[in-house]
S.K.: 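Quick one: the structure is below, and I'll ask about it shortly.
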Amino acid sequence: MMASLCLNSLPLPPSSHPRKPTETSLSSSYPSLLHDNNNNHSALKPIVVTGDPPTFVSAPGRRILAVGDLHGDLNQARSALQMAGVLSSNGQDLWTGGETVLVQLGDILDRGEDEIAILSLLRSLDKQAKAKGGAVFQVNGNHETMNVEGDFRYVDSGGFDECNDFLEYINGSEDDWEETFTSWVDVSERWKEDRTVSKSYWGPWNLLKRQKGVIARSILFRSGGLLARELARHPVVLRVNDWVFCHGGLLPHHVAYGIERMNKEVSEWMRRQNENDNTLKIPFIATRGYDSVVWNRLYSRDTPDLVDYQAKQVCSILDETLQAVGAKAMVVGHTPQTIGVNCKYNCSIWRIDVGMSSGVLNSRPEVLEIIDNKARVIRCKSDRHSELQAAAYT
């Protein structure tokens, strides 16, 4: 396991805004029976999830981990989870986090060749975590919504190949969907090796296979497709205890529109069964436009010419948003931070996308850990940076 260096271990400022969300729905215990690692009954109260997809989560006393953009790099994803202590290092992909709550902030898709394998891994870990009293949540990012729209501009060639392999795999499986999906991470490497051997013979067959990969991706990710429906299980905004998580950034008008409403509308769009049903339009406020939830970079991009009054405006917007949603701090991804995970505006915003994927910056993984409203960064000791910058990536 990689060594860790604990930085930025800071308590959050006291909050005067209300804790109770303005939206309500049916709540359910997240598991019905909790256990600790010694199989004893846990003293912690059950995790309670509100909304479908999950929108508000009460996880009393839990350690919360947040992992940023993964972009199809399974090796880096595993390294981050192992470093954080929630994934076994024996190659068996076992949950070792006990009652920990893990939140992944989206952009699992594009720029890498193991996208579905990462989705499969997280689904498997969620199932294991529930049995231990923990939980795994995902938040959809702009690259998830782009793929459901059919925007494949940033798909790696290996990503198309994986879609083709996965479609063949599920068509040949006799297991139910959940078993088939969660098992993909275990068998995908063998399929990739077979694919690499076949690539040594260049010719018309490989061109045909590429076309098949594009078609397979369209089938899997279009609205109502198997993987679009899998993404539909996840929100674009999630509040866990006093922390709110989203890919790009939450703004006051998003909260006024309704967080649970946005999550539901995006989910319904993704799992739409009838392609000819035009009543379900793409939820613009969540998925389109520079200030939508998955695209917003207001809190993540720092420029040298940002004057004081502009910074104060951003801080005011952030504070208004947090008060409206009843949270103390926000965690975002989307914009790679070349100095690593960092916070700003009195640590009311944490930026955790470090560009760890080999398809982005190939930086060393970093994870944000939150315990008792105190946050710290878990990173490799040798991963040090000297200045604050934000890389511009789509």
Side-chain angles (χ1 to χ4, degrees), residues 53-55 57 64-74 76-77 80-81 101-112 114-123 125-126 135-149 151 154-155 159 221 227-240 243-250 254 259 262-263 265-267 269-270 282-283 285-300 330-337 341 349-357 359-361 365-368 391 393-394:
T55 300
V57 177
I64 302 171
L65 292 174
V67 179
D69 306 31
L70 299 175
H71 281 300
D73 194 326
L74 180 60
Q76 290 283 67
L81 298 178
V101 171
L102 171 68
V103 182
Q104 197 284 323
L105 266 74
D107 275 12
I108 290 171
L109 302 184
D110 292 341
R111 294 199 169 94
D114 294 309
E115 305 154 287
I116 306 173
I118 296 175
L119 292 171
S120 171
L121 173 63
L122 292 176
R123 178 73 118 88
L125 291 178
D126 180 39
V136 176
F137 296 98
Q138 294 170 236
V139 173
N140 285 320
N142 62 301
H143 284 269
E144 280 72 43
T145 61
M146 288 167 66
N147 274 268
V148 176
E149 288 185 59
D151 185 345
Y154 300 97
V155 180
F221 282 105
L227 292 183
R229 287 160 61 187
E230 189 65 27
L231 295 177
R233 299 174 60 249
H234 311 304
V236 290
V237 181
L238 180 73
R239 202 192 79 181
V240 181
W243 293 70
V244 61
F245 301 85
C246 56
H247 181 69
L250 194 66
H254 299 147
I259 294 175
M262 279 194 302
N263 285 340
E265 289 178 351
V266 174
S267 179
W269 163 62
M270 286 182 165
I282 298 174
I285 193 171
T287 66
R288 291 277 191 93
Y290 72 95
D291 65 346
S292 63
V293 175
V294 301
W295 283 98
N296 179 29
R297 300 186 194 270
L298 180 66
Y299 309 126
S300 298
M330 187 185 305
V331 184
V332 299
H334 189 41
T335 305
Q337 306 291 315
V341 173
I349 188 78
W350 285 84
R351 297 92 70 92
I352 70 167
D353 176 16
V354 296
M356 71 177 79
S357 169
V360 184
L361 300 179
E366 298 187 12
V367 177
L368 182 67
Y393 278 84
T394 301

S.K.: Using the rule given for side chain to side chain contact (heavy atoms under 4.5 Å, CB included), can you reason through Val293 versus Val266, listing the C-alpha separation, both sets of side-chain angles and the distance that settles it, and then say yes or no?
M.R.: CA-CA 11 Å; Val293 175; Val266 174; over 6 Å; no
S.K.: Measure the CE-CZ distance between Met146 and Arg288 for me, rounded to the nearest 0.5 Å.
M.R.: 10.5 Å
S.K.: Could I get the full list of side chain to side chain donor-acceptor pair (under 3.5 Å) partners for Glu115, not counting sequence neighbours?
M.R.: Arg217
S.K.: Would you check if Val103 and Trp243 make a side-chain contact, meaning some heavy-atom pair closer than 4.5 Å?
M.R.: no
S.K.: Between Glu144 (side chain only) and Gly141 (backbone N and O only), is there a donor and an acceptor less than 3.5 Å apart?
M.R.: yes
S.K.: Determine whether Leu231 and Thr145 make a side-chain contact, defined as any pair of heavy atoms from C-beta on separated by less than 4.5 Å.
M.R.: no
S.K.: Could you check whether any side-chain N or O of Glu366 sits under 3.5 Å from a backbone N or O of Val341, counting only pairs where one atom can act as donor and the other as acceptor?
M.R.: yes
S.K.: Quick one: CZ on Arg297 to OG1 on Thr335, what's the gap to the nearest 0.5 Å?
M.R.: 4.0 Å
S.K.: Tell me, please, which residues at least two apart from Asp73 pass side-chain contact (heavy atoms from CB on, under 4.5 Å).
M.R.: Asn75, Gln76, Ser357, Ser358
S.K.: Nearest 0.5 angstrom please: Ile285 CD1 to Asp291 CG, how far?
M.R.: 8.0 Å
S.K.: With the side chain counted from C-beta on, respond yes when Leu250 and Ile259 share a heavy-atom pair under 4.5 Å apart, and no when they do not.
M.R.: yes
S.K.: How close do Pro235 and Gln138 get, counting heavy atoms only, and between which atoms?
M.R.: CD-O, 3.2 Å
S.K.: Apply side chain to side chain contact (heavy atoms under 4.5 Å, CB included) to the pair Gln337 and Trp350, showing each step before the final yes or no.
M.R.: CA-CA 11 Å; Gln337 306 291 315; Trp350 285 84; over 6 Å; no
S.K.: When rounded to the nearest 0.5 angstrom, what is the spacing between CZ in Arg233 and CG in Asp126?
M.R.: 6.5 Å
S.K.: Nearest heavy-atom pair of Val57 and Phe137: which atoms, and what distance?
M.R.: CG2-CZ, 3.7 Å
S.K.: With a 4.5 Å limit on heavy-atom distance, are the side chains of Ile108 and His71 in contact?
M.R.: no
S.K.: Taking all heavy atoms of Val367 and all of Ala80, pick out the closest pair and write down the distance.
M.R.: CG2-O, 3.6 Å
S.K.: Apply side chain to side chain donor-acceptor pair (under 3.5 Å) to Asp151 and list each qualifying residue two or more places apart in sequence or on a separate chain.
M.R.: Arg153
S.K.: Rounded to the nearest 0.5 Å, how far does CG of Asp114 lie from CG of Leu121?
M.R.: 10.5 Å
S.K.: Mind checking side-chain contact (heavy atoms from CB on, under 4.5 Å) for Ala66 and listing every partner two or more places apart, or none if nothing turns up?
M.R.: Leu105, Phe245, Val331, Ile352, Leu368
S.K.: Which atom pair, heavy atoms only, marks the closest approach of Asn263 to Pro54?
M.R.: ND2-O, 3.8 Å
S.K.: Check Asn142 against His334 and note the closest heavy-atom contact, atom names and distance.
M.R.: OD1-ND1, 3.3 Å
S.K.: Any sub-3.5 Å donor-acceptor pair from Arg351's side-chain atoms to Tyr299's backbone N or O?
M.R.: yes
S.K.: Using 0.5 Å steps for rounding, measure from the CD atom of Gln104 to the CG atom of Leu81.
M.R.: 9.0 Å
S.K.: State which residues pass side chain to side chain donor-acceptor pair (under 3.5 Å) with His254; sequence neighbours excluded, sorted by chain then number.
M.R.: none
S.K.: Would you please name every residue forming a side chain to side chain donor-acceptor pair (under 3.5 Å) with Ser267, sequence neighbours left out?
M.R.: Arg271
S.K.: One pair to check against side chain to side chain contact (heavy atoms under 4.5 Å, CB included): Val332 and Cys246. What are the steps and the verdict?
M.R.: CA-CA 5 Å; Val332 299; Cys246 56; 4.0 Å; yes
S.K.: Keeping the roles fixed (side chain from Asp107, backbone from His143), state whether a donor-acceptor pair exists under 3.5 Å.
M.R.: yes
S.K.: Would you say the side chain of Val237 lies within less than 4.5 Å of the side chain of Val244, judging by non-hydrogen atoms?
M.R.: yes
S.K.: Mind listing the closest non-hydrogen atom pair of Pro336 and Leu361 along with its distance?
M.R.: CB-CD1, 3.8 Å
S.K.: I'd like to know whether Asn140 forms a side chain to side chain contact (heavy atoms under 4.5 Å, CB included) with Thr287, so could you lay out the CA-CA distance, the side-chain angles of the two residues, the decisive distance to 0.1 Å, and finally the verdict.
M.R.: CA-CA 10 Å; Asn140 285 320; Thr287 66; over 6 Å; no
